[in-house]
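As structure tokens, the structure follows; a few thoughts come after it.
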There are 2 protein chains.
Amino acid sequence: MPDSKHTALSRRSDTTRAAILHAARERFAADGYERATIRTIARDAGIDPSMVMRYYGSKEGLFAAAVAVDLKLPDLGPLPRDEIGSALVTHFLAMWEENEVLTALLRVGATNQAGAERMQGIFQEQLLPVARQACPDPEQVPVRAALTATQLLGMALTRYVLRLPPAVALSRQEIVAWLAPTVQRYLTAPNP
Amino acid sequence: MPDSKHTALSRRSDTTRAAILHAARERFAADGYERATIRTIARDAGIDPSMVMRYYGSKEGLFAAAVAVDLKLPDLGPLPRDEIGSALVTHFLAMWEENEVLTALLRVGATNQAGAERMQGIFQEQLLPVARQACPDPEQVPVRAALTATQLLGMALTRYVLRLPPAVALSRQEIVAWLAPTVQRYLTAPNP
DNA sequence: ATCGTTGGTCAACGATTGTTGGCAAACGGG
DNA sequence: CCCGTTTGCCAACAATCGTTGACCAACGAT
């Protein structure tokens, strides 16, 4: 019988599974999808490449499991209307720097079709609802959210992927001070 | 003697060289560096893979030759101070859509170290001088130029690489209307 | 007509990749 | 203690990659 008393409890392999996911996120973030090989990920995790296949089926399956992203976007309801730009930029910076998953996803999204579609999904399911709270005209929510995405992803691209020196040198507070008015305008300002 | 009378004139192979470059740009733009193989590029160009090696030495050499980018940024001198944002965004959109080189470079820059360094070079040698014309304080030129790059590259990323539907649906005029004030502020506004 | 130069094909190399199946050891409930 | 299950390693497969060298055909000046 497959399920005895500890059905949902820690099996011995959960440690390995987690190690694989951790190594996979690091490699995908550093090298992108194609150059991150199952062999190097397995070596980082200290196990055999075949284990990766057993636990995640294929390289695509591993990637899908490694970049399950939850942006944990805040509820904009209780916030003053003119602070949502600053709140969003601050939150995005924190999310991006505490966690290499987002960099991995961005790198892969730029090269891989599946990665790009996953980013489209995150945009639609996580950023759109938040934009709906901030944007008065429901008709314009997708456009406003997309404009916000251009600025936030553009900063992530230049700072964490391309690593343009002046973008890397900026402090978090400086970035918020510069980008918050932009995001604020994209979400709440009347049509230009 | 290698050079007879037609030293700088059209050799027969120049057609092939150009065909290879054209196919390479298409493939690098569509697939990124790793998935664009020399074999498929050669097939697109209608010749043998070994010719690519003969003419460009290696895959890296081919890439270097394929993405020699000149942004042809306009001289901002004769322009009214408050129109440089609009002028830059308009020019960037035109450059990006007339030519797949930029998309290729962005895709590769997101995955490949050499590609990222090439983008840093373009930023430094082509965008910085223009920002120097628009920005009053010389000390702040790199920061202002980097901020501009985040917005312009962010739009390119979401529209031409990730292809977020709302970003694709925008017309050029709408993009200029939304982004021009942002770029204008990044380049000319006082510190926030 | 001849012969070096150029433009091009073909077949193969060594390396690396994702992926698979077989087998050994450790575990754990009966 | 015993036996099925889990966890893991090893070796190998087939495919694909960048790259190379041998070989052939067409050209062009002498």
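By convention in this document, chain letters (A, B, ...) are assigned in the order of the sequence lines, proteins followed by strands, and residues within each chain are numbered from 1. Nothing here was measured: the structure is a model prediction, and the numbers come from that model.
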Pair A/Thr182-B/Arg185, side-chain donor/acceptor within less than 3.5 Å: yes
B/Thr111 and A/Thr111: side chain donor to acceptor below 3.5 Å: yes
Any side-chain donor near an acceptor of the partner, B/Glu97 and B/Tyr160, under 3.5 Å: yes
Interatomic distance, A/Arg39 CZ vs C/dA15 C1' [rounded to whole Å]: 11 Å
Nucleotide of C/dT20, D/dC17, D/dA12 approaching B/Thr37 most closely (side-chain heavy atoms): D/dC17
Touch class at under 4.0 angstrom, heavy-atom based, for A/Tyr55 against every strand present: sugar-phosphate
Selection from C/dT9, D/dG18, C/dT19 that lies nearest to any side-chain heavy atom of B/Lys59: D/dG18
Closest nucleotide among C/dG7, D/dT19, C/dC10 to the B/Arg54 side chain: C/dG7
Sugar-phosphate, base or nothing in reach of A/Ser50, heavy atoms under 4.0 Å: base
Whole-Å gap separating P (D/dG18) and CG (B/Leu62): 10 Å
Distance, rounded to the nearest Å, where A/Asp31 contributes CG and C/dT17 contributes C1': 15 Å
Rounded interatomic separation in angstrom, taking CD1 from B/Ile38 and P from D/dT19: 5 Å
Atom-to-atom span, CD of B/Glu34 to P of D/dC17 - whole angstrom: 12 Å
Step-by-step side chain to side chain contact (heavy atoms under 4.5 Å, CB included) determination, A/Gln151 to A/Tyr186: CA-CA 10 Å; A/Gln151 178 59 93; A/Tyr186 289 164; 4.3 Å; yes
Mate of D/dT30 where both pairing distances stay under 3.5 Å, Watson-Crick or G-U: C/dA1
Given C/dG7, C/dC10, D/dC9, the nucleotide with the shortest approach to the side chain of B/Met51: C/dG7
Touch class at under 4.0 angstrom, heavy-atom based, for B/Ser58 against every strand present: sugar-phosphate
B/Ile41 CD1 to D/dT19 P, straight-line distance once rounded to whole Å: 11 Å
Minimum-distance nucleotide to A/Ile47 side chain [options: D/dC17, D/dA12, D/dC9]: D/dC9
Between C1' of C/dC23 and CG of A/Asp48, the distance in whole Å: 13 Å
Modelled atom types, side-chain donor and acceptor of A/Ser86 and A/Glu83, under 3.5 Å: no
Contact under 4.0 Å: B/Thr16 side-chain N or O vs C/dG7 OP1/OP2: no
Separation of D/dC17 C1' from A/Arg35 CZ (nearest whole Å): 14 Å
